[in-house]
Amino acid sequence: MAEVQSPGASGPSNQFDVVVVGAGFAGLYMLHRLRRVGFSVRVIEAASDVGGTWYWNRYPGARCDIPTTDYTFGFDPELERLWTWSEKYATQPEILRFAQFVADHYELRGDIRFDERVVAARWDALASRWCLTTDSGLQLSARFYVMASGCLSQPKPPEIKGANRFLGEVYFTSSWPHDEVDFTGKRVAVIGTGSSGVQCIPPIAAQAEQLTVFQRTPNFSIPARNGPVKPERRAQIGKDRDAYRRDAKWSRTGVPVELPTVMARFASPEVRRERFEAVWSLGELIPMYGVFADQALFPEANAVVAEMVREKIRSQVADQEVARLLCPTDHAYGTKRPCLDTGYYATFNRPNVRLVDLRTHPIRTITEAGVVLGDEVMDFDVIVFATGFDAMTGALVAVDIVGRDGLTLKQKWAGGPATYLGLMTTGFPNFFTLTGPGSPSVLSNMMVSIEQHVEWVADCLSRLRTQGLDTIEPTELAEKGWVGHVADCAAITLHSTANSWYMGANVPGKQRVFLPYVGGVDAYRQACEDVVAAGDLGFRRSGPGGTQCNDGVIRRMQPDVSRVLQMLSALNLPTFESLPVDQARALLAKLTSARPPGPAVGEIIDGTLAGAVGPLAYRLYRPASVGPHPVLVYFHGGGWVLGSHVSDDPLCRDLCNRAEVLVVSVDYRHAPEARFPAAADDGLAAVLWIAEHAAALGGIPDSMAVAGWSAGANVAAVTCQQLRDRGGPAIVGQLLLAPVVDCDTARPSYRENADGYVLTAALMRWFWDQYADSADRAHPKASPLKARDLAGLPRACVVTCDFDPLRDEGIAYSEALAAAAVPVQHIRGRGHTHGSLTMVDVVVSGAAVRADMAQAVRNFFKQQPSLAEA
Ligand SMILES: Cc1cc2nc3c(=O)[nH]c(=O)nc-3n(C[C@H](O)[C@H](O)[C@H](O)COP(=O)(O)OP(=O)(O)OC[C@H]3O[C@@H](n4cnc5c(N)ncnc54)[C@H](O)[C@@H]3O)c2cc1C
């Protein structure tokens, strides 16, 4: 193994395969893992010893807030056999001892250079190597450069005027002295009430003569209920350690907990209370993220949890005015990192503790003697700053990292970090970030995420070596795709509504971007594995023998759509086409009965109207606003075989509210009992009846559009053609969601999306078989795309979904309408399946598309000639 020489040396002994920055848990395991597979490694660490977070953050009360039996290395059973955690949440000294034990056990220290801070790193394109420089002038050269520099390791300076004037004792929780600090008899100020503040305030209050807590924004905190590790927990892990650790790896957060199924929005007050109390009593952060299955996504569900936590806060604090100040009201539960505490709220009942609300009493300045608040001068002996970190990107951009073509990391990330998998970034070959932005990192049990990244990087380097390659870099396409996917994951949660450090909001001037990957540890791990299985998809890899690149995007589907597909697949349901028709209908009815009901509308009326050969049922959805309203006649999906006028109930409610129209969802006769052209004939008959009765239904006469999903969109499109051909009544627009418009199953979308997305190519063929003889299928009443002339049809909005066999025919219809001079808007359901946009209140990512659809419907009526003229 090569040896580091004196500062400034640049001889071969300062050349390594890999330089790793940081000797926290990530750096330690990276070193161990790389050494095991035969790479020469040097770790550079700014501190004087190993431990990272647990080396620096030595403030009183510092502990982990993930149970230590989970917040531990799981990669080596031997390590677990040799080390036993004493408490549910171990103290900082114990965790630091563990890091030291790991370093000793694997004899890692010999390859770590302490008290050395990397200040610059430059990619040498000619040599395909990184050149690193430390603050002492030491230079190192490495083929690969790994930043294991920590997500919460770059302290944020306090932005308070006069902060460095204070002449008393000053401490930062993030770099606490190694000798014990004695607060006895002292007047102490603690500024900041994030996780560190919440942990250190109770023990400081117990010692100090006076403690003043300066709070800018209150955080949610739950009681840790700390104590010895419970025997049940030990037994659970001991029973099958390997299975436990495997479950952790494939869990949402890196701790195996049961996923919630109860939805706060639909549960009774009793069920909500019972569920909340059960989770509250555990004293664990991760289960509190999932008291209810919908709390991270829906404000009204989150409000249930938030209010119950506030209730608990109020119950712990004697002075209700102080309690009010301690209760967070400006963010949803979980959108800022909640804290775990031991006696935090009760501390404010002590006579020597005062809370100052900085929102109403901002600090004017810090002076030599203390703090000036408005007119009040407060003298202190000690100030403790618990002001947090420049999270996730801070330690990375603190180093002057210069990649290909002179681009610096700081410049590249000025608008927010862009990474591929949170592991690499385009323009910086052979540069890896452990638990980097765009990976689960701070939203997970970090030990599990660290292990996964370390193993992925070690395997990646080994693979390169085996394949005779020496350079790797993500492609722009892959990185752009990943950044988009990370944003999609965040967009469906409430996270972006909070001013949190996850968003970079605590650092002035930092771009507001949701930094970690919120799609789940399990989904993330799967994506990383899929990248490898697909031949290092999205990476350009080169060596003396040439360059390899299998370019592409690893995740294009909306994350909530994937989750729904996973859930459906876990149900192991039979396919519709494998069942007799009556059983297929029963299966659909069972599935639709289990979904959320959709939003409330002003009024719902069920009735019947005259179809082509007999009465047809309809359901009318009236907006809450004063009518009359424009009328939207809606035809349900189900391949002409399944469903009814109520089977798309949530979608109809949603359209009714968003577009503020009277929706009349009409049934039509189904195949195989009533084959082609029964559905088409009923569609026409229904529209004629509704046109005639519009006023009586509460609609505006002569102000009618049609809509439909799937086969229902087929009925809607066909109805428009029939009405045009018979000369009216006039239809102002047609909204076609994932329409069947052609019987041609040879288009690429049929092949690409043949299977796996509920509407399969096989099911679509079955639907056609039920509905129409081969000879009839090309008739425009079955395949409206085959109509000889599309001119003169009502303006259209065609919505297609990426993962839908019908995608390409929808696009083709949209293009054909445009070619026939019909005004048409094409909306792409990016990352959606044939059915996912109809899953109101389940697939949150569909809401934006449905908003666009509703706007299109509003536009139909706005552009209606008669109304426009009026
Ligand atoms: C108070 C506190 C409590 C926490 N509790 C939990 C918890 O309960 N559960 C959980 O999952 N996570 C927790 N975390 C997050 C914690 O940071 C991670 O769990 C984990 O310790 C990170 O390990 P790491 O090796 O990635 O980074 P770190 O432990 O931060 O180590 C990074 C190291 O890199 C060094 N370094 C950085 N830049 C340079 C440079 N340029 N040159 C040289 N050296 C450099 C630093 O000095 C540091 O020692 C907590 C964080 C804090 C601050």
Side-chain angles (χ1 to χ4, degrees), residues 19-31 42-59 61-68 70-73 88-92 95-96 98-99 102 112-121 132-136 138 140 145-156 172-176 194-200 224 248 253-255 284-286 337 339-340 386 388-392 394-401 433-436 439-451 453-454 501 521:
V19 168
V20 177
V21 176
F25 285 124
L28 291 177
Y29 184 35
M30 191 77 252
L31 169 59
R42 174 67 65 219
V43 176
I44 304 293
E45 168 57 62
S48 303
D49 197 5
V50 300
T53 291
W54 306 102
Y55 172 90
W56 295 107
N57 295 265
R58 296 165 183 250
Y59 56 83
R63 290 174 187 275
C64 58
D65 53 18
I66 298 283
T68 334
D70 295 282
Y71 185 70
T72 191
F73 277 135
K88 178 182 175 190
Y89 298 108
T91 59
Q92 170 271 329
I95 304 173
L96 180 58
F98 174 68
V102 170
I112 305 173
R113 177 88 178 216
F114 293 108
D115 299 309
E116 202 81 53
R117 181 171 288 279
V118 171
V119 291
L132 285 83
T133 309
T134 71
D135 51 358
S136 73
L138 177 73
L140 303 111
Y145 164 29
V146 179
M147 280 296 262
S149 48
C151 292
L152 299 170
S153 60
Q154 183 71 18
K156 190 179 80 76
F172 292 86
T173 52
S174 54
S175 52
W176 201 261
S195 293
S196 302
V198 164
Q199 285 188 335
C200 74
T253 51
V255 178
E284 290 185 34
L285 284 180
I286 285 178
R337 193 170 199 288
C339 310
L340 197 72
F389 300 91
D390 181 350
M392 298 205 73
L396 297 171
V397 297
V399 177
D400 183 24
I401 302 175
T433 53
L434 299 187
T435 65
S439 74
S441 56
V442 290
L443 293 177
S444 66
N445 171 4
M446 291 283 280
M447 293 301 249
V448 168
S449 291
I450 285 171
E451 286 190 11
H453 266 193
V454 164
W501 57 256
V521 164

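Remember, it's 1-based here, ligands and their atoms both numbered in the order they're listed.
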Atom indices of ligand 1 within 4.0 angstrom of [X] heavy atoms, with elements:
X    : result
Y59  : 1 (C)
R117 : 38 (N), 39 (C), 40 (C), 41 (N), 42 (N), 43 (C)
S153 : 30 (O)
G22  : 33 (C), 34 (O), 35 (C)
N445 : 11 (O)
I44  : 43 (C), 44 (N)
F389 : 53 (C)

Given [options], identify the one with the heavy atom nearest to [atom].
atom                    : options               : answer
atom 18 (C) of ligand 1 : F25, Y71, Y89         : Y71
atom 12 (N) of ligand 1 : E116, Q199, M446, M30 : M446
atom 37 (C) of ligand 1 : S444, A398, S149      : S149
atom 3 (C) of ligand 1  : W56, Y55, W54         : W54
atom 51 (C) of ligand 1 : I450, L340, L434, T53 : T53

**Q.** Protein heavy-atom partner closest to atom 42 (N) of ligand 1 - residue, atom, separation in Å
**A.** V118 N, 2.9 Å
**Q.** Heavy-atom nearest neighbour in the protein, as seen from atom 45 (C) of ligand 1, with distance rounded to 0.1 Å
**A.** V21 CG1, 3.8 Å
Q) Between Q199 and Y59, does any side-chain donor sit less than 3.5 Å from a side-chain acceptor? A) yes
Test of understanding: given a 4.0 Å heavy-atom threshold, classify the contact between [X] and ligand 1 as side chain, backbone, both, or neither.
X    : answer
A148 : backbone
V399 : side chain
Y29  : neither

Q: Apply the side chain to side chain contact (heavy atoms under 4.5 Å, CB included) test between V20 and each candidate in L31, V43, L28; give the one that qualifies.
A: V43
Can you check whether [X] has an N/O within less than 3.5 Å of an N/O in ligand 1?
X    : result
D65  : yes
A395 : no
E45  : yes

(Q) Between W56 and S153, is the side chain to side chain contact (heavy atoms under 4.5 Å, CB included) condition met? List the steps. (A) CA-CA 9 Å; W56 295 107; S153 60; 5.8 Å; no
